[in-house]
Amino acid sequence: MLPGMTGPICLENSRLSREFFARPTLEVARDLIGRLLVRSQGGRRRSGIIVECEAYVGEADTACHASRGLTPRTRIMYGPPGHAYVYFTYGMHWMLNAVTEPDGIPGAVLLRALEPVEDIDGIRAARQGRSDRELTSGPARLCAAFSIDGSLNGTDFVLGTDLAIEEGRRVPRTAIARGPRIGIGYAAPKDRRAPWRFWIEGNPFVSRGQPPGN
DNA sequence: CAGACGATTGCCT
DNA sequence: GGCAATCGTCTGT
């Protein structure tokens, strides 16, 4: 158990359903806080509690990749809910999203930080030289820690074998903070200001990014 | 087809 | 605190 862990986890192996993801993106984002992301590989499970995420809400959201419409990259976001949208950025980093909304309507939740739970040694091995705090406290860090790359783009969280999101830990509504999203200075002011980032207040594994100014 | 830039990170001063 | 890394995606010619 890592220092800073905030509570027990119910490992009942119950995956979230298709219907969970087929809802408005903001509701899904808020409800993903406290859930368990599971990466299965070679018969082993690496997992972590989702402690920070952000909603990207369709074509009208200028921070969302879907604001430029349906392209080869955004195809998965337009598809059925409950699938992984994995994309490459800054020439070196992978990002993991969960697709939301009914089939045909684009939306996704970016997973920004996890609290490591299962196979912490495997996670450390994938993040050599990093402190425990730095293992999964950022969207690219958690992908590196869980060996997630473009080969997992489009895989299914509900029925797939590589990735799953399970029930995890119940987090009281009052423990969830919200505020502007990080790293979207390119977006319109209304979208820069929108409080669509969610995190567990005080959790030590939340990322250190700074939200954009107005 | 050239050019700009990114839902970030880690190293440096 | 500043800034380089590094390449896929998208835009406009």
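Residue numbers start from 1 in every chain, and the chains themselves are labelled A, B, ... in the order their sequence lines are given, proteins ahead of strands.
- Base contact: A:Y90 has a heavy atom under 4.0 Å from a base atom.
- Under a cutoff of 6.0 Å and an axis angle of 45°, A:R181 and A:Y56 form a cation-pi pair.
- The backbone N or O of A:P195 lies less than 3.5 Å from a partner atom in the side chain of A:R178, making a donor-acceptor pair.
- Residues A:N153 and A:A84 approach most closely at OD1-O, 3.5 Å, considering heavy atoms.
- The stretch residues 75-85 of chain A does not touch DNA chain C, since none of its heavy atoms comes less than 4.0 Å from the strand.
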Donor-acceptor pairs are to be reported for all side-chain atoms of residues 104-112 of chain A against protein atoms at under 3.5 Å, with residues two or more places apart or in another chain.
from	atom 1	to	atom 2	distance (Å)
A:R112	NE	A:E52	OE2	2.9
A:R112	NH2	A:S207	OG	3.2

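- Within 4.0 Å of A:M95, counting heavy atoms only, lie sugar-phosphate atoms of the nucleic acid but no base atom.
- The closest donor-acceptor contact from the side chain of A:R39 to the backbone of A:S147 lies under 3.5 Å.
- Of all the residues in residues 96-107 of chain A, A:N97 reach under 4.0 Å from DNA chain B with at least one non-hydrogen atom.
- The shortest side-chain heavy-atom distance between A:V86 and A:T155 does not fall under the 4.5 Å cut-off.
- Atom name C1', nucleotides C:dG1 and B:dA7: the rounded distance is 23 Å, in whole Å.
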(request) Report the secondary structure of DNA chain C in dot-bracket form, marking unpaired bases with a dot and bases paired to a different strand with |, and treating Watson-Crick or G-U pairs with both distances under 3.5 Å as paired. (result) |||||.||||||.
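- Counting non-hydrogen atoms under 4.0 angstrom, A:A140 reaches the backbone sugars and phosphates but no base.
- Although no hydrogens or angles enter the test, the distance criterion places no donor-acceptor pair under 3.5 Å between the side chain of A:E27 and the main chain of A:P24.
- Running 5' to 3' along DNA chain B, contacts with non-hydrogen atoms of chain A at under 4.0 Å begin and end at B:dG6 to B:dC11.
- With sequence neighbours left out, A:Y87 forms a side chain to side chain contact (heavy atoms under 4.5 Å, CB included) with A:H65, A:R73, A:Y85, A:T89, A:M95, A:N97.
- Contact annotation: the side chain of A:R18 approaches that of A:P81 to within less than 4.5 Å [non-hydrogen atoms, C-beta and beyond].
- A donor-acceptor pair is defined here as one N or O able to donate and one able to accept, closer than 3.5 Å; such a pair exists between the side chain of A:R15 and the backbone of A:F157.
- Rounded to a whole Å, the NE2 atom of A:H93 is 11 Å from the P atom of C:dT6.
- For the pair A:L152/A:W94, no side-chain contact is recorded, criterion being any heavy-atom separation below 4.5 Å from C-beta on.
- Counting non-hydrogen atoms under 4.0 angstrom, A:T71 reaches the backbone sugars and phosphates but no base.
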